[in-house]
Amino acid sequence: MTKKRIFLALFSGFAALAPAAVFMKLGRTPLEARAEALGGKKVYESAVEVNGAGGRLQCFGFESRPENLAALGLPSGGSGALATREEGGERITALFVPHGEGGVLTVFRRPKADAAAQWPGALPRIEGITPTFSAVCRENDSVLGIGTVETDEFSALGRAGDALRAAGWRGLPPETGLMRWFYRDGRVCLVFARQADETGKVRLALLTGRG
């Protein structure tokens with residue numbers, strides 16, 4: 001299986017071109033306008049469960065990597081970007097995954113006063129992780145779990161890899177920066193690590209979908 005096919009399989013639910021009926025007419029948001037101004041095209045939108053409550057998922061495809069990720073509220077540099085912030089009465093978690101010359105921006109929106117995060121049962125528990133975010137899109141059987149660990153980025157990736165392999169997942173080459181890929185029983189899992197803040201904690205994200 002090629003890396004391109006793996007990537008497309010992972011986002012077949014979250015970011016594949018969808019029928020027009022899938023799109024929700026909820027109005028254009030400031031982040032959506034900024035993503036489109038940077039060359040992004042909205043390719044998917046759906047209701048989603050965020051931290052066990054109602055939320056909204058949007059995906060934007062980019063043919064070339066945005067020059068100004070900060071305009072999307074994301075840190076620049078590295079092999080990907082992940083951030084959570086508040087905007088317009090909502091809490092937004094955004095994940096940018098590069099691929100080739102471009103990439104995919106996945107955005108989760110939910111009310112500010114959302115419930116405490118619980119680690120998704122569909123993902124193996126990572127040693128020492130404190131859950132901060134979870135999302136389930138039942139329409140396409142995709143799951144995202146985010147948490148923090150008190151270690152460095154590569155050690156965090158190692159912990160995630162150990163947990164996945166113990167649960168029957170196998171790693172897929174190549175290892176790219178701070179991203180790792182795994183496969184099991186028709187599902188693909190992307191693991192991404194990023195320094196969270198000056199406290200030394202690392203934010204670790206696991207995103208899985210059917211291939």
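In what follows, residues are counted from 1 in the order of the sequence shown. Keep in mind that the numbers below use all heavy atoms, side chains included, and drop hydrogens, waters and symmetry copies.
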T208 side chain vs V188 backbone, donor-acceptor pair below 3.5 Å: yes
M179 vs L190 side-chain heavy atoms within contact, under 4.5 Å: yes
Pair R34 + E87, salt bridge at N-O below 4.0 Å: yes
Centroid separation F60 to Y44 less than 6.0 Å: no
Residue pair A156 / L204: nearest heavy atoms and the distance that separates them: O-CD2, 3.8 Å
Sub-4.5 Å side-chain heavy-atom contact between V149 and T130: no
Shortest non-hydrogen separation from V48 to A135 and the atoms involved: CG2-CB, 4.3 Å
R65 (side chain) donor-acceptor with F62 (main chain) under 3.5 angstrom: no
With T84 via side chain to side chain contact (heavy atoms under 4.5 Å, CB included) - residues at least two apart: R91, T93, R110
Main-chain N/O of K201 paired to Q195 side chain as donor or acceptor, under 3.5 Å: yes
pair L57-T106: side-chain heavy atoms closer than 4.5 Å: yes
Distance, nearest 0.5 Å, that separates OG of S46 from CD of E139: 4.0 Å
Worked verdict on K42 versus E36 for salt bridge (Lys or Arg N to Asp or Glu O under 4.0 Å): CA-CA 8 Å; K42 185 165 68 175; E36 292 176 352; over 6 Å; no
Min side-chain heavy-atom separation L31-V107 under 4.5 Å: yes
Non-hydrogen side-chain atoms of V143 and L123 separated by less than 4.5 Å: yes
Where G177 and L157 come nearest, the two heavy atoms and their spacing: O-CD1, 4.4 Å
Value rounded to 0.5 Å, distance of CG in L206 from OG in S134: 12.5 Å
L95 versus F192, closest heavy-atom pair with distance: CD1-CD2, 4.0 Å
R125: partners by side chain to side chain contact (heavy atoms under 4.5 Å, CB included), with sequence neighbours left out: W119, I129, P131
Stepwise side chain to side chain donor-acceptor pair (under 3.5 Å) check, T148 with R203: CA-CA 4 Å; T148 57; R203 187 175 289 116; over 6 Å; no
Euclidean distance, N51 CG relative to F133 CZ, rounded to 0.5 Å: 6.0 Å
Side-chain (R109) to main-chain (R56) donor-acceptor, under 3.5 angstrom: no
T132 versus A117, closest heavy-atom pair with distance: C-CB, 3.3 Å
Interatomic spacing from CD in E150 to OG in S155 - rounded to 0.5 Å: 13.0 Å
Other residues, nucleotides, ligands: >12 heavy atoms within 6.0 Å of E86 CD: yes
Pair E49 + R138, salt bridge at N-O below 4.0 Å: yes
Euclidean distance, R170 CZ relative to D185 CG, rounded to 0.5 Å: 10.0 Å
Exam field: side chain R184 to backbone A167, donor-acceptor pair closer than 3.5 Å: yes
Closest contact, heavy atoms only, P75 versus A81: O-CB, 3.5 Å
Residue pair V104 / F96, side-chain heavy-atom distance below 4.5 Å: no
Side-chain heavy-atom pair E32, Q58 within 4.5 angstrom cut-off: yes
Rounded distance [0.5 Å steps], OH in Y183 versus CG in L164: 15.0 Å
